[in-house]
Student: 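Below: one structure in structure tokens.
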Amino acid sequence: MKYTLWRHTASRKIVVYFENFCITKTNVFLHIISACKPKIDFIIASPPCQGMSVAGKNRKQPQMQTDKRNHLVIYAVKAIKQLSPDYVLIENVPALLKIKIEYADNLRSINEILSFEFENKYDIESEILDSADYGVAQTRLRAIIKMNRKGTVWNFPKKENRKISVEETIGKLPSLEAGEKSDIKWHFARPHTPENILFMKHTPTGKTAFSNDVYYPKKKDGTRIKGYESSYRRIRWNVPAPTITIRNDCMASQRNVHPGRLLPDGTYSDARVLTPLEIMLLNSLPPDWNIPDDAPEILIRQCIGESIPPLMIKKIVENIGRN
């Protein structure tokens, strides 16, 4: 619904450019509607999640109600009314199903708004799905609202029989230490401080450096840094990866460190965050994803951190027409 490149400080001109093309501008909205006529079959809407997400902050319901970003879903409602597609998919973080906003003189949830406008024309159903249940090597919860014109069939897909592990997905890629590069496109390791590298080399697979007896995050005076157990934590090989966040470039953020392998000297390899290629694959993006060569690494990381795994969407859409 709106591009969110504002975090990339080198892209101020790009920010202004996309703000000028925001869907809230009447001429932009009408241009989109005109381009979709006379008929489209499917609308997918993914309004920005920052206003709904509770990651890293204490968000209260009244704050969520007044966050303007949460009202952008109304433009999806307007588009549905004007275009009458056969199928609609709206997705966001799980809070999408709880948030209430002012609509038609009442505070209503998104499901209530959709029922208010479309219950006589569409079958409307919502669920919270985990991408790890649909062939993606990453646990990522998303609220999915699907609408299909009455008389048509669209069921949620069945869960896969087994989950795909991190090792199956990235285990064959070359091992890299901080700052190293490989011959494989987008498989390069970010540099880290010597201190971070030291305590992560002594952190076993699946563990956090905060649990280490000797090599743990310290202040300059040598005292322990207090932090969440999800920080400075290596992910595990034998299960899907945790949710990839927009701060997947940072060891101190949530579960971003490579699983590593035990070395003969008792330390662990790959004392670094995941490479861009590794997070692409864990998000079910193809290894030959055609990213421009000059795309900033941080921008790629943030886009993946804010995305929905494409394989998950594919499994949902493939179920159209299946009983």
Student: Is there a side-chain contact between Val77 and Leu114 (heavy atoms, below 4.5 Å)?
Tutor: yes
Student: For the CZ atom on Arg236, are there more than 12 heavy atoms of other groups (residues, nucleotides or ligands in this structure) within a distance under 6.0 Å?
Tutor: no
Student: Does any part of the side chain of Asp293, heavy atoms only, come nearer than 4.5 Å to the side chain of Lys185, both counted from C-beta?
Tutor: yes
Student: Within the supplied structure, the quantity of interest is the number of heavy atoms (other residues, nucleotides, ligands) at a distance under 6.0 Å from Asp183 CG; does it exceed 12?
Tutor: no
Student: Just by distance, do the side chain of Asp249 and the backbone of Ile298 share a donor-acceptor pair under 3.5 Å?
Tutor: no
Student: Output yes when a side-chain donor or acceptor of Asn248 lies under 3.5 Å from a complementary backbone atom of Thr245, and no otherwise.
Tutor: yes
Student: Look at atom NZ of Lys226 and say whether more than 12 heavy atoms of other residues, nucleotides or ligands are closer to it than 6.0 Å.
Tutor: no
Student: Rounded at 0.5 Å granularity, tell me how far CD1 in Ile124 sits from CD1 in Ile110.
Tutor: 12.0 Å
Student: If we ignore hydrogens and angles and just use 3.5 Å, is the side chain of Asn155 paired with the main-chain N or O of Asn319 as donor and acceptor?
Tutor: no
Student: Using the side chain to side chain contact (heavy atoms under 4.5 Å, CB included) rule, take Leu141 and Thr243 through it: C-alpha gap first, then chi angles, then the decisive distance, then the call.
Tutor: CA-CA 8 Å; Leu141 298 178; Thr243 302; over 6 Å; no
Student: Is there a donor-acceptor pair under 3.5 Å between the side chain of His192 and the backbone N or O of Ala271?
Tutor: no
Student: Quick check: closest heavy atoms across Glu297 and Pro276, and the distance to 0.1 Å?
Tutor: CG-CG, 3.9 Å
Student: Could you tell me if the side chain of Lys201 sits less than 4.5 Å from the side chain of Tyr268, heavy atoms only?
Tutor: no
Student: Please verify the inter-ring angle class for Trp186 with Phe188; under 30° counts as parallel, over 60° as perpendicular, anything in between as tilted.
Tutor: tilted
Student: When you look at His258 and Ile235, which way does the side chain to side chain contact (heavy atoms under 4.5 Å, CB included) test go after all the steps?
Tutor: CA-CA 6 Å; His258 188 278; Ile235 65 175; over 6 Å; no
Student: Could you tell me how the ring of Phe42 sits relative to the ring of Trp154: parallel (under 30°), tilted (30 to 60°) or perpendicular (over 60°)?
Tutor: tilted
Student: Within the side chain of Asn106, is there an N or O that forms a donor-acceptor pair under 3.5 Å with the backbone of Arg108?
Tutor: no
Student: Going through the distances and angles, do Val88 and Ile90 end up as a side chain to side chain contact (heavy atoms under 4.5 Å, CB included)?
Tutor: CA-CA 7 Å; Val88 177; Ile90 301 173; 4.0 Å; yes
Student: Find the distance between CD1 (Ile32) and CD1 (Ile23) and round it off to the nearest 0.5 Å.
Tutor: 4.0 Å
Student: To check you understand the geometry: which heavy-atom pair defines the closest contact between Gly227 and Phe210, and what is its length?
Tutor: CA-CZ, 3.7 Å
Student: Any idea which heavy atoms bring Met147 and Ile80 closest together, and the distance?
Tutor: SD-CD1, 4.2 Å
Student: Is the side chain of Thr203 donor-acceptor paired with the backbone N or O of Phe199 at a distance under 3.5 Å, no angle test?
Tutor: yes
Student: Could you tell me if Lys146 sits above the aromatic ring of Phe156, with its cationic atom closer than 6.0 Å to the ring centre and no more than 45 degrees from the axis?
Tutor: yes
Student: A side-chain contact here means heavy atoms from C-beta on lying under 4.5 Å apart; do Phe29 and Gln82 qualify?
Tutor: yes
Student: Let me know which of Lys172, Arg301, Arg272 forms a salt bridge (charged side-chain N to carboxylate O under 4.0 Å, His left out) with Glu278.
Tutor: Arg272
Student: Within 45° of the ring axis of Tyr216 and under 6.0 Å from its six-membered ring centre, is that where the NZ or CZ of Arg224 lies?
Tutor: yes
Student: Please assess Lys121 against Ser84 for the test side-chain hydrogen bond (donor to acceptor under 3.5 Å, both in side chains), listing each intermediate value before the final yes or no.
Tutor: CA-CA 9 Å; Lys121 191 173 183 179; Ser84 295; 2.7 Å; yes
Student: Could you tabulate the donor-acceptor pairs under 3.5 Å formed by side-chain atoms of residues 128-137, not counting sequence neighbours?
Tutor:
| residue | atom | partner | partner atom | Å |
| --- | --- | --- | --- | --- |
| Asp130 | OD1 | Ala132 | N | 3.0 |
| Asp130 | OD1 | Arg140 | N | 3.1 |
| Ser131 | OG | Gln138 | O | 2.6 |
| Ser131 | OG | Arg140 | N | 3.3 |

Student: Check the pair Asp86, Thr152 against side-chain hydrogen bond (donor to acceptor under 3.5 Å, both in side chains), reporting the backbone distance first and the verdict last.
Tutor: CA-CA 8 Å; Asp86 293 329; Thr152 64; over 6 Å; no
Student: Could you state whether Leu97 and Ile313 fall into the same hydrophobic cluster, counting links through intermediate Ile, Leu, Val, Met, Phe, Trp or Tyr residues with side-chain heavy atoms under 4.5 angstrom apart?
Tutor: no
Student: When you compare the side chain of Ile99 with that of Asn92, does any pair of heavy atoms fall below 4.5 Å?
Tutor: no
Student: Report the distance from atom NZ of Lys218 to atom CD1 of Ile225, rounding to the nearest 0.5 Å.
Tutor: 10.5 Å
Student: Heavy atoms only: give me the nearest Cys250-Asn256 pair and the separation to one decimal.
Tutor: O-ND2, 3.1 Å
Student: Between Thr275 and Ile184, is there a side-chain heavy-atom distance shorter than 4.5 Å?
Tutor: no
Student: Do Gln254 and Ser230 meet the criterion of a side-chain donor-acceptor pair at a distance under 3.5 Å?
Tutor: no
Student: Within a strict 4.5 Å, meaning less than it, do heavy atoms of the Thr205 and Ser269 side chains meet?
Tutor: no
Student: Indicate yes or no for a side-chain donor-acceptor contact from Arg234 to the backbone of Met200 under 3.5 Å, with no hydrogens or angles considered.
Tutor: yes
Student: Using side-chain heavy atoms (C-beta onward) and a distance below 4.5 Å, is Val153 in contact with Asn148?
Tutor: no
Student: Does Ile304 belong to the same Ile/Leu/Val/Met/Phe/Trp/Tyr cluster as Ile291, with side-chain heavy atoms less than 4.5 Å apart forming each link?
Tutor: yes
Student: Do you know the tightest heavy-atom contact between Leu281 and Thr169?
Tutor: O-CG2, 3.6 Å
Student: Going through the distances and angles, do Ser175 and Asp270 end up as a side-chain hydrogen bond (donor to acceptor under 3.5 Å, both in side chains)?
Tutor: CA-CA 6 Å; Ser175 176; Asp270 299 88; 2.7 Å; yes
Student: For Lys159, does the NZ atom have more than 12 heavy-atom neighbours from other residues, nucleotides or ligands under 6.0 Å away?
Tutor: no
Student: Could you walk me through whether Lys37 and Leu83 pass side chain to side chain contact (heavy atoms under 4.5 Å, CB included), step by step?
Tutor: CA-CA 7 Å; Lys37 290 184 175 179; Leu83 296 171; 3.9 Å; yes
Student: Considering non-hydrogen atoms only, spot the tightest contact between Ser211 and Glu229 and give its length.
Tutor: OG-OE1, 3.6 Å
Student: Would you say that more than 12 heavy atoms from the other residues, nucleotides or ligands in this model lie under 6.0 Å from the OH of Tyr228, or not?
Tutor: no
Student: Please lay out, stage by stage, how Ser109 and Asn111 fare under the test side-chain hydrogen bond (donor to acceptor under 3.5 Å, both in side chains).
Tutor: CA-CA 5 Å; Ser109 69; Asn111 275 327; 5.4 Å; no
Student: Could you state whether Ile145 and Val73 fall into the same hydrophobic cluster, counting links through intermediate Ile, Leu, Val, Met, Phe, Trp or Tyr residues with side-chain heavy atoms under 4.5 angstrom apart?
Tutor: yes
Student: Give, for atom CG of Leu285 and atom CG of Asn283, the distance between the pair rounded to the nearest 0.5 Å.
Tutor: 5.0 Å
Student: In terms of hydrophobic clusters joined by side-chain contacts under 4.5 Å, are Ile113 and Ile43 together?
Tutor: yes
Student: Give a yes or no on whether Ile44 and Tyr122 share a hydrophobic cluster (residues Ile, Leu, Val, Met, Phe, Trp, Tyr; joining criterion: side-chain heavy atoms under 4.5 Å apart).
Tutor: no
Student: Enter the distance from Ser307:OG to Gln302:CD here, rounded to the nearest 0.5 Å.
Tutor: 12.0 Å
Student: Nearest 0.5 Å please: distance from the CE atom of Met251 over to the OG atom of Ser231.
Tutor: 12.0 Å
